[in-house]
> 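This is the structure I want to talk about, given as structure tokens.
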Amino acid sequence: MSKASLRETFEPLTTGVFKNNATFRLVLGTCPTLAVTTSALNGLSMGLATTFVLVCSNAIVSLLRNFIPRKVRIPAYILVIATFSTLVQMIMRKWLPDLYDSLGLFLSLVVVNCILLARAESFASLNPVIPSVLDGVGIGVGFTFSLTLLGFIRELLGTGCVFGFELSFLVEAGLPMTIFILPAGGFMVYGFMMVIFNVAVKAAEKKLAERKALKSGGGNA
Amino acid sequence: MKKFRINNESVKIVVSLSVIALVAALLLACVNLFTQVDENEELQKAIAENYSSPIAEELSTEGYVDINGTELQAAYIAEDGAYIFLVHVSKENRIGYSADGVGVITVIKEGVIVKVAGYSHSETPGLGANAFKEDYLAQYAGVSVKDVYVPDDLKLTFPDTTGKFTPEKVTSATYTTNAVFAAVKGAVKAYNELGGGL
């Protein structure tokens, strides 16, 4: 495999995390994002659950892309996504009951998370299995990163805890502000993080483009 | 007369969706075999974690009428004579925020509440979930069942103006505090009516 085609194959992996970050760039899956990011652990587990469903459903949709009739592709995708979503629920209920209770209704709502349907429709149904799986991993990692980051900030500012461990010096200093774990605080943190993420990604893209131009310019000379 | 004809495309649609659904159902059925949760076993495990005396027998709740808004889900007698109740409080009447309501285990021995522990809830960590922390629930230990006002309907309970025991509220989580207290009231009612209080 040539270097260029290798790069092309692995491209969805990196674009899913930064350029096509589902939360901060594509603004998809906002409902679970705001609802479950009251703690970093909730954000991380919701992200991992969604990643599992995303990778598996992308793989199956890609495998069946020539078998599923075009007219009923959406119900077929929903069926595949619902299967894996139910699978995650069953596993979590058995082995992670506390987390299952904590994520509550939003675990069931993974089925209707628009990130999953969007990736199945716009990527997995048009591409072979390996790039589709990599796309699922990339988007999933990006989503997990965003949810964990939001959960981390909200939990720290709202309760003075990090992954459930209380930072007593913050609590004693009176830093925790309950608003950050309420919906209003969720919107605030989400908005600020979106601005920061977009500025950072755009700056990085600009730098990368400049470096590329410089490289190609140097080569010509 | 129109000739009956099977539309090939329709057949393809039905067959493809049926095959996917069948495979999905088989997969889920297989996973379910290994992940099935025995709720009774789970509950007994949770009770054992919260109260040292083993369960002697399960009480029959037949004919028992709950406080409106609560549901007595299980009742046991421990070997040391303590009564153990699992009471579920639904989200109605603005009591608690958990979508599935809250479940609370209450242990009562010789007319005194010995232990109150959370069993199931999906309250917000740092807010409503604080009402299920051990140090918060410790305030119920030692309270006599005579000091807990038991209404017929939870709507009549909050705010409680009877002058009897009222727990301290968790800041910014009044509804959840009320949900836990409502579950304790449900347990006290069950204790009084299922034999313990006589």
Side-chain angles (χ1 to χ4, degrees), chain A residues 35-36 38-42 56 60-61 64 67-73 75-95 97-108 151 154-161 163-164 166 176 178-183, chain B residues 7-39 41-43 45-46 49 88 91 96-103 118-130 132-133 135 170-174:
Chain A
V36 304
T38 48
S39 75
L41 188 65
N42 276 4
C56 295
I60 300 297
V61 166
L64 300 177
F67 171 73
I68 299 170
R70 187 123 192 95
K71 276 184 184 170
V72 288
R73 66 189 193 285
Y77 300 161
I78 295 276
L79 195 58
V80 172
I81 293 166
T83 306
F84 289 107
S85 166
T86 312
L87 210 75
V88 168
Q89 259 183 281
M90 285 170 156
I91 292 168
M92 247 188 193
R93 193 169 179 220
K94 176 76 178 173
W95 287 293
D98 289 342
L99 214 53
Y100 176 82
D101 282 341
S102 171
L103 294 177
L105 186 67
F106 290 95
L107 203 54
S108 318
R154 289 180 69 188
E155 190 183 5
L156 183 72
L157 299 178
T159 66
C161 297
F163 283 94
E166 194 176 281
T178 312
I179 192 170
F180 283 104
I181 47 174
L182 294 174
Chain B
N7 185 337
N8 273 346
E9 203 190 347
S10 304
V11 172
K12 200 181 166 194
I13 286 172
V14 171
V15 169
S16 55
L17 279 179
S18 304
V19 169
I20 296 172
L22 190 70
V23 173
L26 280 173
L27 177 71
L28 291 178
C30 290
V31 175
N32 189 44
L33 284 178
F34 300 100
T35 57
Q36 216 166 18
V37 177
D38 182 347
E39 286 187 7
E41 195 183 304
E42 288 279 302
L43 173 61
K45 207 170 132 191
E49 279 169 14
H88 184 265
K91 204 188 159 187
Y97 276 110
S98 298
D100 299 328
V102 300
Y119 177 63
S120 62
H121 73 87
S122 55
E123 299 287 328
T124 311
L127 264 183
N130 288 346
F132 292 89
K133 282 189 174 170
D135 52 353
V170 173
T171 313
S172 312
T174 305

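Values below: every heavy atom of this structure, side chains too, minus hydrogens, waters and symmetry copies. Note that this is a predicted model, so its numbers are computed, not measured. The sequence lines fix the lettering, A, B, ..., with proteins before strands; numbering per chain opens at 1.
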> Check B/F34 against A/W95 and note the closest heavy-atom contact, atom names and distance.
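For B/F34 versus A/W95, the nearest heavy atoms are O-CH2, 4.1 Å.
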> Could you give the distance from OG (B/S10) to NZ (A/K71), rounded to the nearest 0.5 Å?
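Rounded to the nearest 0.5 Å, the OG-NZ separation comes out at 7.5 Å.
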> Let me confirm one number: the OH-CD1 distance from A/Y77 to B/I20, rounded to the nearest 0.5 Å.
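Taking OH in A/Y77 and CD1 in B/I20, the distance rounds to 9.5 Å.
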> Less than 4.5 Å to any heavy atom of chain A: does that hold for the side chain of B/Q36, its backbone, both, or neither?
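Contact with chain A: backbone only.
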> Rounded to the nearest 0.5 Å, what's the gap from CG on A/L87 to CG on B/N32? Could you check?
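Separation between the atoms: 10.5 Å.
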> Quick one: which of A/T83, A/T159, A/L41 has the most heavy-atom pairs under 4.5 Å with chain B, could you say?
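Ranked by heavy-atom pairs under 4.5 Å with chain B, first place is A/T83.
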> Identify which part of A/L182 has an atom lying under 4.5 Å from any heavy atom of chain B, answering side chain, backbone, both or neither.
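It is the side chain, since no backbone atom gets that close.
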> Counting only non-hydrogen atoms closer than 4.5 Å, does B/N130 touch chain A with its backbone (N, CA, C, O), its side chain (CB onward), both, or neither?
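For B/N130, there is no contact with chain A at all, as no heavy atom is under 4.5 Å.
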> Show, in sequence, the C-alpha distance, side-chain angles and deciding distance for B/E41 and A/K94, and conclude whether the salt bridge (Lys or Arg N to Asp or Glu O under 4.0 Å) test is met.
CA-CA 12 Å; B/E41 195 183 304; A/K94 176 76 178 173; over 6 Å; no
